[in-house]
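Okay, so here's the structure we're looking at.
Along the sequence shown, residues are numbered consecutively beginning with 1.
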Amino acid sequence: NMTDQEDPFLLEEQANGSLKIAMFAIDQSDESSGSAAAEARRLTVDELISLKTYGITTAYIDALRAAGLSDLSTDALLAMKTHGVTPEFVRDLGRSGLKDLDSEEIVAMKIHGVTPGLVQALQLMGYSDLCTGEITSAAVHGLTPAYAEAMKDGGLATGGFEDLIT
């Protein structure tokens, strides 16, 4: 039994007696003008069905926004929910020093096993200026602090981060 807060498909009675579906606004980039500014638009029936099917609620969307995400298109929401991206994951990535991430970067990191702990470990190893692609590569290649230290001690990581993942 869902509460009103969790159900994105609420019926509202209008002053004229008609009913309308009250649905959260989904952010969309205005690709025609090249502007990255988000605009609210009416969702299609197919989008509403997809959002409902995947359990995407206003609470989930609000929590993602509160965690710092702003590019919340229908496709982005579906990808994040499908791959298990939680608001806590987004918030923890931000706390580990990763700022201004977009939904595609977050989904890629989630898919490839990046954790906030890995980000912090990389920073402690002296790699605080890595881009999300490099962090994802570290996760894919199973880079650990112990491995990095062994490579450095053996003189095999003299060229920096790239030596550790190739």
Side-chain angles (χ1 to χ4, degrees), residues 1-123 128-143 165:
N1 205 11
M2 293 197 323
T3 66
D4 287 349
Q5 237 180 351
E6 296 171 334
D7 190 354
F9 306 101
L10 301 175
L11 292 178
E12 289 183 354
E13 188 170 355
Q14 301 299 297
N16 65 4
S18 66
L19 293 176
K20 79 168 190 172
I21 296 175
M23 185 61 198
F24 48 82
I26 299 294
D27 298 336
Q28 297 292 322
S29 293
D30 182 5
E31 295 175 14
S32 62
S33 68
S35 169
E39 61 183 35
R41 67 165 178 82
R42 187 174 296 208
L43 296 171
T44 67
V45 171
D46 286 342
E47 288 173 316
L48 290 171
I49 290 169
S50 292
L51 293 169
K52 183 71 170 176
T53 300
Y54 284 88
I56 297 170
T57 64
T58 54
Y60 178 71
I61 294 168
D62 290 343
L64 288 172
R65 284 185 177 136
L69 276 178
S70 60
D71 66 325
L72 297 177
S73 68
T74 303
D75 288 342
L77 288 166
L78 292 170
M80 287 188 287
K81 192 70 166 183
T82 298
H83 294 291
V85 172
T86 63
E88 294 77 22
F89 179 73
V90 175
R91 191 172 26 260
D92 290 346
L93 286 175
R95 287 181 183 150
S96 69
L98 298 178
K99 303 292 183 205
D100 301 319
L101 299 174
D102 65 36
S103 61
E104 287 183 19
E105 291 172 310
I106 290 169
V107 168
M109 288 190 289
K110 183 68 173 178
I111 288 170
H112 295 293
V114 172
T115 64
L118 172 64
V119 174
Q120 292 169 341
L122 289 169
Q123 291 167 345
S128 58
D129 60 345
L130 298 177
C131 70
T132 57
E134 291 168 320
I135 294 168
T136 301
S137 290
V140 168
H141 292 285
L143 180 62
I165 60 170

*Take R95 and D92, measure what side-chain contact (heavy atoms from CB on, under 4.5 Å) needs, and give me the verdict at the end.*
CA-CA 5 Å; R95 287 181 183 150; D92 290 346; 3.5 Å; yes
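- In this structure a side-chain-to-backbone donor-acceptor pair under 3.5 Å is missing from D71 to D102.
- A 4.5 Å side-chain heavy-atom check between T44 and T74 finds every atom pair outside the cut-off.
- The CG atom of L51 sits 11.0 Å away from the OG1 atom of T58 when rounded to the nearest 0.5 Å.
- Rounding to the nearest 0.5 Å gives a distance of 7.5 Å between CD of Q123 and CD1 of I135.
- Looking at heavy atoms from C-beta onward, M109 lies in side-chain contact with L101 at the 4.5 angstrom threshold.
- Here the side chains of L69 and M80 are in contact, with some heavy-atom distance below 4.5 Å.
- Here the CD-OG distance, from E104 to S73, works out to 8.5 Å after rounding to the nearest 0.5 Å.
- Put simply, OG on S103 and NE2 on H83 are 11.0 Å apart, with the number rounded to the nearest 0.5 Å.
- Distance OG1/T115 to CD/Q120: 8.5 Å, rounded to 0.5 Å.
- No side-chain heavy atom of L122 sits under 4.5 Å from any side-chain heavy atom of E134.
- Contact between S96 and P116 at its shortest, heavy atoms only, is CB-O, 3.9 Å.
- In plain terms, the two heavy atoms of A139 and L118 that are nearest each other are CB-CD2, 3.6 Å.
- The OG1 atom of T86 sits 5.5 Å away from atom NZ of K110, with the distance rounded to the nearest 0.5 Å.
- Nearest heavy atoms, L93 versus I106: CD1-CG1, 4.4 Å.
- Scanning both residues, Y54 and T82, for their nearest heavy atoms gives CE2-OG1, 3.6 Å.
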*Worked verdict on L64 versus L77 for side-chain contact (heavy atoms from CB on, under 4.5 Å)*: CA-CA 9 Å; L64 288 172; L77 288 166; 3.9 Å; yes
